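Data first, discussion second: the structure below is written as structure tokens.
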2 protein chains.
Amino acid sequence: MLKDIVDNNENYQPGLSIDCVIFGFHDNQLKVLLIKVERANKWSLPGGFIPVDQDIDTAAITVLSSRTGVDGVFLRQFATFGKVNRNHQHFDKKILEYLQIEEEKGKWLLRRFVTIGYYALVDFSKILPNPSGRHEIVEWIDHKEVPELILDHREILDKALATLRIELNLMPIGYNLLPEKFTIPELQKLYETILDKKLDRRNFLRKITNIGILTKLDEKKSNVAHKAPNLYSFDKEKYDEVLKNGLNQGW
Amino acid sequence: MLKDIVDNNENYQPGLSIDCVIFGFHDNQLKVLLIKVERANKWSLPGGFIPVDQDIDTAAITVLSSRTGVDGVFLRQFATFGKVNRNHQHFDKKILEYLQIEEEKGKWLLRRFVTIGYYALVDFSKILPNPSGRHEIVEWIDHKEVPELILDHREILDKALATLRIELNLMPIGYNLLPEKFTIPELQKLYETILDKKLDRRNFLRKITNIGILTKLDEKKSNVAHKAPNLYSFDKEKYDEVLKNGLNQGW
DNA sequence: TCAATAATGTGTTATTATGACGCAATGTAC
DNA sequence: GTACATTGCGTCATAATAACACATTATTGA
């Protein structure tokens, strides 16, 4: 994989990469899709390089769909990271030898890489984490229990979450993170999890329904140890309209 | 200039550049600092390349201060642009000949460049537009009268303004665009110009003073053909606090 | 069977923020 | 001194928000 890219490095944008923060929601937890290669002892964000004949957005879609198997989901660029020493000492000669990469070609990999951060919101239940090779582990990890990450990936993850928190006030988001049918309490949990803050049930209901993007279904959730909550779905048309025009006007 | 960079291209991040959208406010107009090189017939955003031994943010500061002579101003990365054909056919062999750049070295310049967009807010009155060479024109241009720009610079400019409009709801901004002492009507004009929308005088006053970042000075503006408006300044301490915590809480 | 439990659904009230105005005050120009 | 343009301050109706009360419903277990 990596060796193929380095061997044909003239086909890739030099010194530039993409990293994706892929968010999912499950068990009332905000999950992040992380990757670990066998020989490394740290986890990392799924990422990739940019073919010279591809838009950066297209390359990001490729990264996302290769790991999750889905496309057409919410994917947004949020920041670009380029500290001088951000990938300093990440690859050294020993690793290049291990990967059977010639020294001359390896130079391509040893320079400072600038990385473009994208974050994705995906429906957890539709994703099958997909290792790109035998020596790779792909796993959903609760964002509160993310272990030490390589390079500046922790900073990238934090920035993605901070961006998501701000965007929560500017647009609706549940459509991408929840299954087709869901309950208001589930939606509220999603908001609470992202914001890391308790919200009042009754005020949340009023505010979320006032947006006008929900359709109340004639169906209740089953198998719950208490009063069965009603199921809802998003009115995609109105949802997209609000997405386009934004939520809060401000001035 | 450009020849120097190309001749020493191993000192610069390949295929990556920075473009700055520098906003100023004057005569009730939102101005953008644009550049025109003599031989070209289109204007462009001030930009530059990224030394391999510099953080991208540092490189952006360098671009900004080289054109405006100021530093320590508001500068923020807002997006990265990387369509495959964004700088297709921008430099061709004829131009490289004109610039006396060898064909071999010129290849560095002919590839697809990804550019990182930064926007800056500066105090118009403190800036002296600074051409970096004899053959360059640097000028403030009303954002409503921006002529055709090179490459995708129009898209970059539009995105910067869209970002600024959103951020106007999330943070205070006048500090960077106005002189130290200013009147409420001036501040309101700034908001109206950025948002391209009329605001009610009385409601604006109430809202802006409620934020708690203004200090009313014991001084009035002179030389006005009507009732003299009071002068205000920003309470920098409270201003920075609001900048840090954000304006609207939303959820 | 039926009360206890743990949720959900709906409503109320006080407070605050917003939008749309009215009117007096002030400095300049003629 | 009066007309003019613009500022400063205030009012009122309406909408949005925060805090809270109570009834409803499905399950569980004595």
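Residue numbers begin at 1 in each chain, while the letters A, B, ... track the order of the sequences. These numbers were taken from a predicted model, which means no experiment stands behind them. What's counted below: heavy atoms across the whole structure, side chains too, no hydrogens, waters or symmetry copies.
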If you restrict it to nitrogen or oxygen atoms, what contacts under 3.5 Å exist between nucleotides 7-9 of chain D and the protein, and what is each distance?
| from | atom 1 | to | atom 2 | distance (Å) |
| --- | --- | --- | --- | --- |
| D/dT7 | O2 | B/Lys227 | NZ | 3.3 |
| D/dG8 | OP1 | B/Asn230 | N | 2.7 |
| D/dG8 | O4' | B/Lys227 | NZ | 3.4 |
| D/dG8 | N7 | B/Arg201 | NH1 | 2.9 |
| D/dG8 | O6 | B/Arg201 | NH2 | 2.8 |

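- Pairs passing the salt bridge (charged side-chain N to carboxylate O under 4.0 Å, His left out) check and including a residue from residues 139-151 of chain B, sequence neighbours excluded, read B/Lys42-B/Glu148, B/Lys144-B/Asp196.
- Residues forming a side-chain hydrogen bond (donor to acceptor under 3.5 Å, both in side chains) with B/Asn248 (at least two apart in sequence, or on another chain): none.
- Heavy atoms of other residues, nucleotides or ligands lying less than 6.0 angstrom from NZ of A/Lys207 number more than 12.
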Sugar-phosphate atoms are those with a prime plus P, OP1 and OP2; base atoms are the rest. Using that split, label each nucleotide of nucleotides 11-18 of chain D B, S or - for protein heavy atoms under 4.0 Å, 5' to 3'.
B-----BB
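- In terms of the salt bridge (charged side-chain N to carboxylate O under 4.0 Å, His left out) criterion, residue partners of B/Arg154 (sequence neighbours excluded) are, by chain and number, B/Asp158.
- Under the salt bridge (charged side-chain N to carboxylate O under 4.0 Å, His left out) criterion, A/Lys126 pairs with A/Asp123, not counting sequence neighbours.
- Residues meeting the side-chain hydrogen bond (donor to acceptor under 3.5 Å, both in side chains) test with B/Asp55, sequence neighbours left out: none.
- In this structure, A/Asp200 atom CG and D/dA21 atom C1' are separated by 12 Å, rounded to whole Å.
- With sequence neighbours left out, the ring-ring contact (aromatic ring centres under 6.0 Å, His included) criterion links B/Phe182 to B/Phe234.
- With a heavy-atom cut-off of 4.0 Å to chain B, the contacted part of DNA chain C has its first and last nucleotide at C/dT18 to C/dT28.
- Whole-Å rounding puts the A/Glu219 CD to D/dA26 P distance at 14 Å.
- By the salt bridge (charged side-chain N to carboxylate O under 4.0 Å, His left out) test, B/Asp57 is found to be paired with no residue, residues two or more places apart in sequence or in another chain being considered.
- Residue pairs meeting the salt bridge (charged side-chain N to carboxylate O under 4.0 Å, His left out) criterion with at least one partner in residues 176-192 of chain A, sequence neighbours excluded, are A/Lys181-A/Glu219, A/Glu186-A/Lys221, A/Glu192-A/Lys198.
- Annotation: side-chain hydrogen bond (donor to acceptor under 3.5 Å, both in side chains) contacts of A/Asp152 (sequence neighbours excluded): A/Arg86.
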